[in-house]
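Presented below is the structure to which this report refers.
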Amino acid sequence: MNLVTQLRDITGAEHVLVEPAATAPYLTDWRKRYHGAALAVVRPGSTDEVARVVAACAAAGTPMLPQGGNTGLVGGSTPDADGNTVLISLQRMNRVRAVDRENDTITVEAGCVLATVQQAAREHDRLFPLSLAAEGTATIGGNLATNAGGTQVLRYGNTRELTLGLEVVLASGEIWNGLRALRKDNTGYDLKQLFIGSEGTLGVITAATLKLFPLPRAQVTAFAAVPTLHAAARLLDRARAGAGATLTAFEVMSVGCVRRTVTELPRVRAPLPLTSAWYALLELSDHESEAHAATLLEEILGAAIESGDVEDSVVAASLDQSKSLWQLREGIPEAHAKAGGNVKHDIALPVSAIPDFVEATNAELAARFPWIEPAVFGHLGDGNLHYNMGTREGTPIAVAFGREKEINAIVHAAVAKRAGSISAEHGIGQLKRAELPNFKPAVELELMRRIKQALDPQGLMNPGKVL
Ligand SMILES: Cc1cc2nc3c(=O)[nH]c(=O)nc-3n(C[C@H](O)[C@H](O)[C@H](O)COP(=O)(O)OP(=O)(O)OC[C@H]3O[C@@H](n4cnc5c(N)ncnc54)[C@H](O)[C@@H]3O)c2cc1C
């Protein structure tokens, strides 16, 4: 029996897609940079079906690619062009299996859309804090496989920190049930950590047990105009000291990003005149009251205005206003995609190194490419910037893409010089695979290869990604 027929037997023929019109949406990435081909797209509906699909592919020596919402930004969820891969879409595995309010945990299948998990937690008066602009489409499986960060890392950590247990179908087709709901468990190697951030190269995550938190009484957001990134870093310091764990987000955006978002997305409006070089978005999540959070924010911003670190600011007076401030930040990727994209870098540095990095690297790039226009935004509180490069008015963006390798080389060298990371939250995928050996010690890469060999000896899990 050929493999496609076996897959049809496992999941039902309607869940095995082979026609180009049906498979096309799975074979191009969100940024439309990568285009692949597949032997079939299979949509299993249970862990048992995933296990049987994987076992059949393993027996046939056929490469496999797990895919969630296909919103990844490094080409990790796009197969190569050979057409030999079986793409395993987890989208039908979208059930919330259990919520344990007293234990503050939720167990969900990997294909659950992130927004659905947030909503399920809210219905039990709990918070699932992972939050990112693609949350209406991205799945928990994809979030886990990329160890996604997002806007609440400052307070709650990355996906890794939010995970207590995993269920994984191994490359052999065996099921590992590690769905523990424990905050303490020192019984040997913590295997779930291997699969978190593995980008589909070690196994298929089918379910997870995740941490929940008390739902804050109020979330209040402010938007502040700051003259420099140094001033933004001082404002972050002041906000941390003043608000402690109540500070749940601290984002920065260059004025160019804000202008682009307002221009490209009619639904988004700027709450202040766009006359400063940088803007910060602060969010407090308060367990007392909205008034308490607003007063605290006003005190922090008032003191920063007096010291000259903030030039102007607005505190949202309602939930709707908070949402509209967040749209300004979360609309940035969409606005740039609409305008033709840009050369992206997802970098991490010690927060203390960020202002100098941006000043020095902007200057180095401008000296080499006079047409370049930085579009920088990101999670300053986590030391993570999306340090993206577009072109000035009059120069097509294709010019920047034509020099992408040189731009990357300058940016990544500047990151390495300051002991940073060339991938803070998006992963390696195929976009940064060739560069990884330049930034990881040989010993570390060799350990990664040995882990891959141990868990996927045939090299069938998402080949051509990461390593
Ligand atoms: C507008 C926008 C904003 C974003 N903002 C952020 C942000 O703020 N922070 C951030 O960290 N990321 C962000 N991202 C990227 C982010 O990584 C993804 O949105 C998300 O985490 C991926 O989920 P997905 O279900 O779409 O995964 P996919 O794109 O389908 O897959 C991503 C990778 O995970 C693997 N994978 C998927 N599911 C599984 C599974 N069940 N088992 C094993 N491997 C699997 C795939 O093989 C692939 O390598 C953003 C993306 C977009 C489009």
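In each ligand, atom 1 is the first atom listed, and ligand 1 is the first ligand listed. Atom set for the values below is all heavy atoms of this structure, side chains included, hydrogens, waters and symmetry mates excluded.
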For this session: May I ask you to check whether Thr139 has an N/O atom sitting below 3.5 Å from an N/O atom of ligand 1?
Result: yes

Exercise. How far is atom 5 (N) of ligand 1 from its nearest protein heavy atom, and which residue and atom name does that atom have?
Worked result: Leu132 CB, 3.9 Å

Exercise. Counting each atom of ligand 1 from 1 as listed, which ones have a heavy atom of Leu90 under 4.0 Å away?
Worked result: 41 (N)

Problem set entry | Element-labelled atoms of ligand 1 that are located less than 4.0 Å from some non-hydrogen atom of Gly142 | 21 (O), 22 (C), 23 (O), 24 (P), 25 (O), 27 (O), 37 (C), 38 (N)

Exercise. Contact between Gly149 and ligand 1, counting heavy atoms under 4.0 Å?
Worked result: yes

For this session: Determine, using heavy atoms of Lys465 and all atoms of ligand 1, whether some pair is separated by less than 4.0 Å.
Result: no

For this session: Say whether His336 and Asn388, considering side chains only, have a donor N or O and an acceptor N or O under 3.5 Å apart.
Result: no

Exercise. Among protein heavy atoms, which lies nearest atom 14 (N) of ligand 1, and at what distance?
Worked result: Leu73 CD1, 3.9 Å

Exercise. Is Gly69 in polar range of ligand 1, meaning some N or O pair under 3.5 Å apart?
Worked result: yes

Seminar exercise, completed: The side-chain contact (heavy atoms from CB on, under 4.5 Å) partner of Val466 among Lys452, Lys432, Met448 is Met448

Exercise. Is there a donor-acceptor contact under 3.5 Å from the side chain of Ser276 to the main chain of Trp278?
Worked result: no

For this session: Would you indicate which of Gly203, Ser131, Gly141 comes nearest to atom 39 (C) of ligand 1 when only heavy atoms are counted?
Result: Gly141

Problem set entry | Given Val204, Thr201, Leu455, the one that forms side-chain contact (heavy atoms from CB on, under 4.5 Å) with Phe195 | Leu455

Exercise. Arg31: heavy atom below 4.0 Å from ligand 1, yes or no?
Worked result: no

Exercise. What protein heavy atom is closest to atom 45 (C) of ligand 1, reported as residue, atom name and distance in Å?
Worked result: Ala145 CB, 3.4 Å

Exercise. With a 3.5 Å cut-off and no angle check, do the side chains of Glu19 and Thr23 form a donor-acceptor pair?
Worked result: no

Exercise. Got the closest protein heavy atom to atom 28 (P) of ligand 1, with its distance?
Worked result: Asn70 N, 3.6 Å

Exercise. Is Ala138 close to ligand 1, meaning an N/O of one under 3.5 Å from an N/O of the other?
Worked result: no

Seminar exercise, completed: Going by the 4.0 angstrom heavy-atom rule, the piece of Thr146 near ligand 1 is side chain

Exercise. Just by modelled atom types, is the Leu325 backbone N or O under 3.5 Å from a matching donor or acceptor in the Arg329 side chain?
Worked result: no

For this session: Could you say whether the N/O atoms of Ala134 and ligand 1 ever approach to under 3.5 Å?
Result: no

Seminar exercise, completed: Taking only non-hydrogen atoms of Ala110 and a 4.0 Å limit, the atoms of ligand 1 in range are 41 (N)

Exercise. Taking only heavy atoms of Gly76, which atoms of ligand 1 are found under 4.0 Å from at least one of them?
Worked result: 47 (O), 48 (C), 49 (O)

Exercise. Between Thr105 and Thr209, is a side chain to side chain donor-acceptor pair (under 3.5 Å) present by the stated rule, with each step listed?
Worked result: CA-CA 7 Å; Thr105 49; Thr209 298; over 6 Å; no

Exercise. Does the pair Glu167/Arg97 count as a salt bridge with the N-to-O cut at 4.0 Å?
Worked result: yes

For this session: For atom 12 (N) of ligand 1, find the nearest protein heavy atom and state the residue, atom name and distance (0.1 Å precision).
Result: His426 CD2, 3.6 Å

Exercise. Has the side chain of Asp382 got a donor or acceptor atom that lies under 3.5 Å from a matching backbone atom of Leu154?
Worked result: yes

Problem set entry | Any side-chain heavy-atom pair of Gln152 and Leu130 under 4.5 Å | no

Exercise. Checking side-chain contact (heavy atoms from CB on, under 4.5 Å) for the pair Val99/Leu212: CA distance, chi angles, key distance, verdict?
Worked result: CA-CA 9 Å; Val99 177; Leu212 299 178; 4.2 Å; yes

Exercise. In the protein, which heavy atom is nearest to atom 3 (C) of ligand 1, and how far is it?
Worked result: Ala133 CB, 3.7 Å

Exercise. Is Glu334 touching ligand 1 with its side chain, its backbone, both, or neither, if touching means heavy atoms under 4.0 Å apart?
Worked result: neither

Exercise. If you measure every N/O of Gly150 against every N/O of ligand 1, is any gap under 3.5 Å?
Worked result: yes

Exercise. Which of the atoms of ligand 1 are close to Asn462, meaning less than 4.0 Å from one of its heavy atoms?
Worked result: 47 (O), 49 (O)

For this session: Could you verify whether a donor N or O on one side chain and an acceptor N or O on the other, from Arg450 and Gln453, lie under 3.5 Å apart?
Result: no

Exercise. Does an N or O anywhere in Ser77 fall below 3.5 Å from an N or O of ligand 1?
Worked result: yes

Problem set entry | Exercise: do Asn462 and Lys465 side chains pair donor with acceptor under 3.5 Å | yes

Problem set entry | side-chain contact (heavy atoms from CB on, under 4.5 Å) partner of Leu297, chosen from Leu282, Asp286, Thr246, Leu247 | Leu282

Problem set entry | Test side chain to side chain donor-acceptor pair (under 3.5 Å) applied to Glu199 and Thr146, step by step | CA-CA 5 Å; Glu199 300 184 50; Thr146 58; over 6 Å; no

Problem set entry | Contacting atoms of ligand 1, where contact means under 4.0 angstrom from a heavy atom of Ala148 | 11 (O), 21 (O)

Problem set entry | Parallel, tilted or perpendicular, as decided by the 30° and 60° cut-offs, for the rings of Phe377 and His386 | tilted

Exercise. For Gly68, is at least one N or O under 3.5 Å away from an N or O on ligand 1?
Worked result: yes

Exercise. Checking side-chain contact (heavy atoms from CB on, under 4.5 Å) against Tyr34, which of Thr28, Leu27, Asp29 comes through?
Worked result: Asp29

Seminar exercise, completed: closest protein heavy atom to atom 42 (N) of ligand 1 is Ile205 N, 2.9 Å

Exercise. Do ligand 1 and Pro66 have nitrogen or oxygen atoms that lie under 3.5 Å from each other?
Worked result: yes

Seminar exercise, completed: atom 29 (O) of ligand 1 has as its nearest protein heavy atom Gly72 N, 2.8 Å

Problem set entry | Nitrogen or oxygen atoms of Thr71 and ligand 1 under 3.5 Å apart | yes

Problem set entry | Atoms of ligand 1 close to Glu199 [distance to a heavy atom under 4.0 angstrom, numbered from 1] | 35 (C), 47 (O), 49 (O)

